[in-house]
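Remember, it's 1-based here, ligands and their atoms both numbered in the order they're listed.
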Amino acid sequence: MRPFRYHRPADVAEAVAVLADEPQAAYLAGGTNLVDLMKLGVQRPDLLVDVNRLPLDAVEELPGGGLRIGATVRNSDLAAHPAVRRDYPVLARALLAAASGQLRNLATTGGNLLQRTRCVYFQDTGKACNKREPGSGCAARHGQNRDLAVLDWSDLCVATHPSDLAVALAALDAVVEVHEPAGPRDVPLAALHRSPGEHPERETTLARGALITAVRLPHLPAARRSAYLKVRDRASFAFAVGSVAAVLDLDGDVVRDVRLAYGAVAHRPWRAYRAEEELRGRAFSPQLAARAADAELAEARPLRHNGFKVPLTRAITVRALTELAERTPAP
Ligand SMILES: Cc1cc2nc3c(=O)[nH]c(=O)nc-3n(C[C@H](O)[C@H](O)[C@H](O)COP(=O)(O)OP(=O)(O)OC[C@H]3O[C@@H](n4cnc5c(N)ncnc54)[C@H](O)[C@@H]3O)c2cc1C
Ligand code: SF4
C-alpha cells in the first residue's frame, strides 16, 4: 500500500472543504471497500478524510412518516432498526442479504451506495479497464462477463453496480442528501448513479468532493408489503447475480401501486418503470408479472456469458410479486 495522510474533520463543512482542496483525497467510512481497493492499487488516495466521527449516525423517524438515515449508520444497525423492520422490510432484507455480519457491522449507508463495481478486471491493475484507466479498453467486454450487465451498458464498460441496499432504496423512491462544495442538495436515489456511456469512470451525478450526509425514505405505507429476493452463487457472503426489490399494493386483486427495482443487471440500480406501468391498474396474476418483466427486459442485450440473467430476473420478479400478492398486509 502507498503512504497516505489521514485527517479527521470536525464537521461536514470542513470535510467538504478539505476534499475540495485536495484532488487526490477520499472519504473513509467503514473502509470495507476503499481499503481493499487501496491494497490492490486500484485506488490511490493520498489523503483519507475520516467521516466516522461526524454526527451522521442517527436514524430519525420524520414527522408525518418516513425516515432519515444518517450516512454513517452501519448496515447492521439499519437492518435491525424497528421502524425499518416494520415499515420497510424490503430494506432490512436487502441489507441482511449482503456481505457478512462482520462486514455489515462496519459498512455504512453512504459507503455502501458509493462502493465500486466488483468487475474482476477493474480490480486487477494488470488488465485493461476504462473505468480504472480511461482509454485503456475493457477486458470484460469479450472476457469473463458472466456477472456483468445486460441492460444499458456501453462498448466502453459493461460493469454492474454491486449494492443490494441501493436496489431497495431505488424501489422506495429514497432521496440522498449530499453536501457539495457549492452547498447542500437532494438527489433522488434513482438519479444518483450514472449509465457508463462514454465515461464509465464517472459513476455518479455528484460533484467532486460531495459528501453524502443522509438518505431519506418517504412515508410509503405500501412498503409494509415489500420484499427483496436475491440470487447468488452461495447462500451467504456473495454478491447478487440477480436481485429484485418489490413493493406491492393491492386493492382486492387489482394492483393499486407497485415499485420494482433490479440489481446486478446494469451500471446502476435499475428501477423497472416499464414493468410497473404494465402492472398498475390490472388484476394481479403471475402471468401478468411475467409480461411486466418481459416488457422491462425487452431491451436487454446479454453479453457472451450472461444470457441467463434475463430469464433469471424474469423468474425472480414473478416469484417476489406472487409471494407478496399472497401475503396479508401488516395492519
Ligand atoms: C467479501 C465482501 C462481500 C460483500 N458482499 C456484498 C453484498 O453481497 N452486497 C452488497 O451490497 N455489498 C457487499 N459488499 C460491499 C460492502 O457492502 C461495502 O464494501 C460497504 O457497504 C462499503 O461501505 P463502507 O462504509 O465500508 O465504505 P468505504 O469502503 O469506507 O467507502 C466506499 C466508497 O464510498 C466513499 N464514501 C464513503 N462514505 C461516503 C460519504 N458519506 N459520502 C461520500 N462518499 C463516501 C469512499 O470514499 C469510497 O469511495 C461486500 C464486501 C466484501 C468485502
Ligand atoms: S466492464 Fe467496466 S469495470 Fe469492467 S473492465 Fe470493462 S471498463 Fe473496466
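Residue, atom and distance of the protein heavy atom nearest to atom 47 (O) of ligand 1 are Tyr27 O, 2.5 Å. If you check which protein heavy atom lies closest to atom 4 (Fe) of ligand 2, you get Cys119 SG, 2.3 Å. Considering only non-hydrogen protein atoms, atom 15 (C) of ligand 1 sits nearest to Gln115 OE1, 3.2 Å. Here the heavy atom of the protein found nearest to atom 22 (C) of ligand 1 is Thr32 OG1, 3.4 Å.
Inclusion of Asp164 in the set of residues having an N or O under 3.5 Å from an N or O of ligand 1 is warranted. Below 3.5 Å of separation, one finds an N or O of Leu34 facing an N or O of ligand 1. Below 3.5 Å of separation, one finds no N or O of Ala240 facing any N or O of ligand 1. Ligand 1 has a nitrogen or oxygen under 3.5 angstrom from a nitrogen or oxygen of Gly31. Looking at ligand 1, you'll find an N or O of Thr108 within less than 3.5 Å of one of its N or O atoms.
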Practice prompt. Please test Glu276 against Arg280 for salt bridge (Lys or Arg N to Asp or Glu O under 4.0 Å), starting from the C-alpha separation and ending with a verdict.
Written response: CA-CA 6 Å; Glu276 292 175 11; Arg280 252 184 222 112; 3.2 Å; yes
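Every atom of ligand 2 is numbered from 1 in the order shown, and the set under 4.0 Å from a heavy atom of Leu156 is 7 (S). Of all atoms in ligand 2, listed by their number and element, those nearer than 4.0 Å to a heavy atom of Cys157 are 1 (S), 2 (Fe), 7 (S).
Contact annotation for Gln102 and ligand 1: no heavy atom of the residue comes within less than 4.0 Å of the ligand. By the criterion of a heavy-atom distance under 4.0 Å, the backbone of Pro162, and not its side chain, is placed next to ligand 1.
A salt bridge links Arg86 and Glu61; the closest N-O separation between the charged side-chain nitrogens and carboxylate oxygens is under 4.0 Å.
Among the atoms of Cys138, no N, O or S atom is found under 2.8 Å from atom 8 (Fe) of ligand 2.
Linking Ile, Leu, Val, Met, Phe, Trp and Tyr residues whenever their side-chain heavy atoms come within less than 4.5 Å places Leu229 and Val231 in a single cluster.
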